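Atoms within a ligand are numbered from 1 in the order they appear, just like the ligands themselves. The model shown is predicted, which means the values in this text are computed figures rather than measured ones.
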Amino acid sequence: MKVASVLIPLPVPEAFDYEAPEGMTLARGDQVAVPLGPRLIRGVVSEVFETTGSNRRLKSVDSRLDDPALPAGVMDFVEWAGRWTLSPPGEMAATALKGLRAPSPRPERKVRRVGDRQPARATPARTGVLEALGERAMAGADLARSAGVSSGVIKGLIDEGVLEIVEIAAEAAFDRPDPDHAPATLNGDQAAAAAALVDGVTGGGFRPFLLDGVTGSGKTEAYLEAIARVLRADPAAQILILLPEIALTQALIERITARFGAAPAEWHSGVAPPRRRQVWEAVVAGRCNIVVGARSALFLPFVNLRLIVVDEEHDSSFKQEEGLVYHGRDLAVARARIEKAAVVLASATPSLETLWNAQAGRYDWLKLGARHGVAVMPDIELLDLRQHTPDPQTWLSQPLRLAVAETLARGEQTLLFLNRRGYAPVVLCRVCGHRLTAPDTDSWLVEHRYTGRLVCHLTGFSMARPKQCPSCGAEDSLVSVGPGVERVEEEVRQLFPEARTAVFSSDTVPDAKSARALIQRMTDGEIDILVATQAAAKGHNFPRLTLVGVVDADLGLRGGDLRAAERTYQLLAQATGRAGRADRPGRAILQTWTPEHPVLQALAAGDRDAFVEAEMAEREAAALPPFGRLAAIIVSSENAAAVEKVAADLAQAIPNAERLEVYGPADAPLALVRGRRRKRLLVRADRDVNLQAFLRAWLTRVKIPASVRLTVDVDPYSFL
Ligand code: ADP
């Protein structure tokens, strides 16, 4: 008999076997309906094999669904990703089907001829309608307009049975990109990089690249040219470009549209579900060449994927922390390997992992030298706050204020960067010292003045600012401590009442549309001073921006997790890189209490290599990534005793292993989130240890009760 192993969207570690009924041909990737308990559920065939009678009685596959099969590359990818991240493979497969599960766009009502039926009475208006319509189907209103008649004429023809109304599924047309629409003339470095990329793609095997060049050096232009040549050689080639933030997609989509004369498909959570379904169907049918998307686009059913671009590859937003835990960049490399395609990781500040791979020769390292054209890198100054301490309750020092005033006077733009949303990060009681926290979470409430609320940034909990201290009951005793972007903007408005200011953070710019509007205002010079979190520090190109002021350059350095220094370096290099991208020179001022800090020294000297070398040496000494591997296990539950028990059981059950250590269990730094107690364990292993095999062996030894959630995070980025 024939057996089909079927991946079903449930948290189970493997596929379920079903009998493949006589006469039903099934293959890997087929979508099927299978019985599960009393109901039928959708699954994907992972494998079909012959067996000579077994004593188990298998249930039968109910039916093979009409929906397109998942291509082999996607199947290999979801199964690999499931093993790598220790996630249920069925849930990975379900992610690949998400676009198909979205509702179809509503069909359009159109009119068309019924055979060659003629009207009983042929007036000029009626003849005009039939001529305008021809063999097509058209919306009634459009037809009336193009024939120059009233809608009554069309209705009359429908009543007579000459025309009929049909419902036509809206099929999205994806225009083919034209590689020769508007080519750019590349400079020498760009041309060499583009040629290497094209070689990588046409060579036909897996080829990973690092495209490394300062902000504004023309990386985007270089990979667009490579895409053009790939499309010239193979008009059916599919290309995926991943971006870390939805806010960046619009600008890239516009550039691609201008370059190729056709808009790429867009894929992220901000795209309406019916549209996502159209994209999914076009991708699996090979009707769509270029997709620009967020990390989940990696799961799209490409049939001829030749090139993946991961732009701003260092960005930790590529790490998905909720639901399926995975790193978009790492999975992009895996997908390219499976598809035998090329992958380009592009950044001005590559991650240490990627640099390490490039240094070892595993990735081809393409370097772009200077900024394109006349633009030069900004001057970066460290401003010692010990010498230039701002007045109490203000955050901008005299020299920075002066620089803003000069920039304003020249009619140029300033970006004030502070990676903190809201008005004040902490609210405390002057009388008893109590700090306000969310009721069910260990994190401080952040004051937001625009909305007048205190917000937990972790869970989204919010409440009105109370009149009395919730702890001691004192009246009007609460004070806001420290600045967020809203508070810096308040200071700017007081200092420069004539300037046009705006705040750019995920609060003021919650979606792609509002991001586009604000970016447009900035580009058009309608804003003089933009106060922004990291949401505005990445990737954007503002030609009139010449001054970047970093309000608190020490902020990220205090965190002290594995990547604190690396992240701070990347963020500040990106933020300061916004200045002077066109023909006017830029300047960046970093306010700091610790100008001697090596990260800040490297930034000021523009010496990325020195920073990387020092940071690599520290990681190597501690055998931490990229020199070693990490995995975190987080145990959480509303039941504190159950968390303790599972954590203790895990500690008891650690398998013997060499060149590997387990730390913990310990209370997580955020020991309470949404009412759930949390404990963490951390595994460190040498690179040659099979970490996943160790974790699998370990976790099968411990029984996890239903009240406890266990999350495995391979290569964690958050240590909270
Ligand atoms: P990056 O991706 O490295 O930040 P971009 O590709 O966005 O750099 O280039 C920065 C700016 O320089 C953009 O405005 C881009 O249009 C322009 N530019 C880059 N290369 C060229 C080129 N070869 N010809 C004309 N303009 C270019």
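Of the polar atoms of G213, none of the N or O atoms is found under 3.5 Å from an N or O of ligand 1, judged by distance alone. On a distance-only criterion, T215 and ligand 1 share no N/O pair closer than 3.5 Å. Checked against a 3.5 angstrom limit, the closest N/O atoms of G216 and ligand 1 fall inside it.
At least one heavy atom of V214 sits less than 4.0 Å from an atom of ligand 1.
Looking at N419, L590, V599, V548 one by one, the single match for side chain to side chain contact (heavy atoms under 4.5 Å, CB included) with L572 turns out to be L590. With L240 as the partner, the side chain to side chain contact (heavy atoms under 4.5 Å, CB included) test is satisfied by one option alone out of V309, L298, V310, L307: L298.
Close approach of ligand 1 to G218 is summarised as follows: ligand atoms under 4.0 Å from at least one heavy atom of the residue are 1 (P), 3 (O), 5 (P), 6 (O), 8 (O), 9 (O), 19 (C).
Note: Y326 and F299 meet the aromatic proximity criterion, with ring centroids under 6.0 Å apart.
Atom CG of D713 sits about 10.5 Å away from atom NE2 of H327, to the nearest 0.5 Å.
The 12-atom threshold is not exceeded at CD of E613, counting heavy atoms of other residues, nucleotides or ligands nearer than 6.0 Å.
In this structure, a donor-acceptor pair under 3.5 Å is present between the side chains of Q520 and D524.
Here the shortest heavy-atom distance to atom 7 (O) of ligand 1, taken over R255, K219, Q190, belongs to R255.
When heavy-atom distances to ligand 1 are checked against a 4.0 Å cut-off, T185 comes that close only through its backbone atoms N, CA, C and O.
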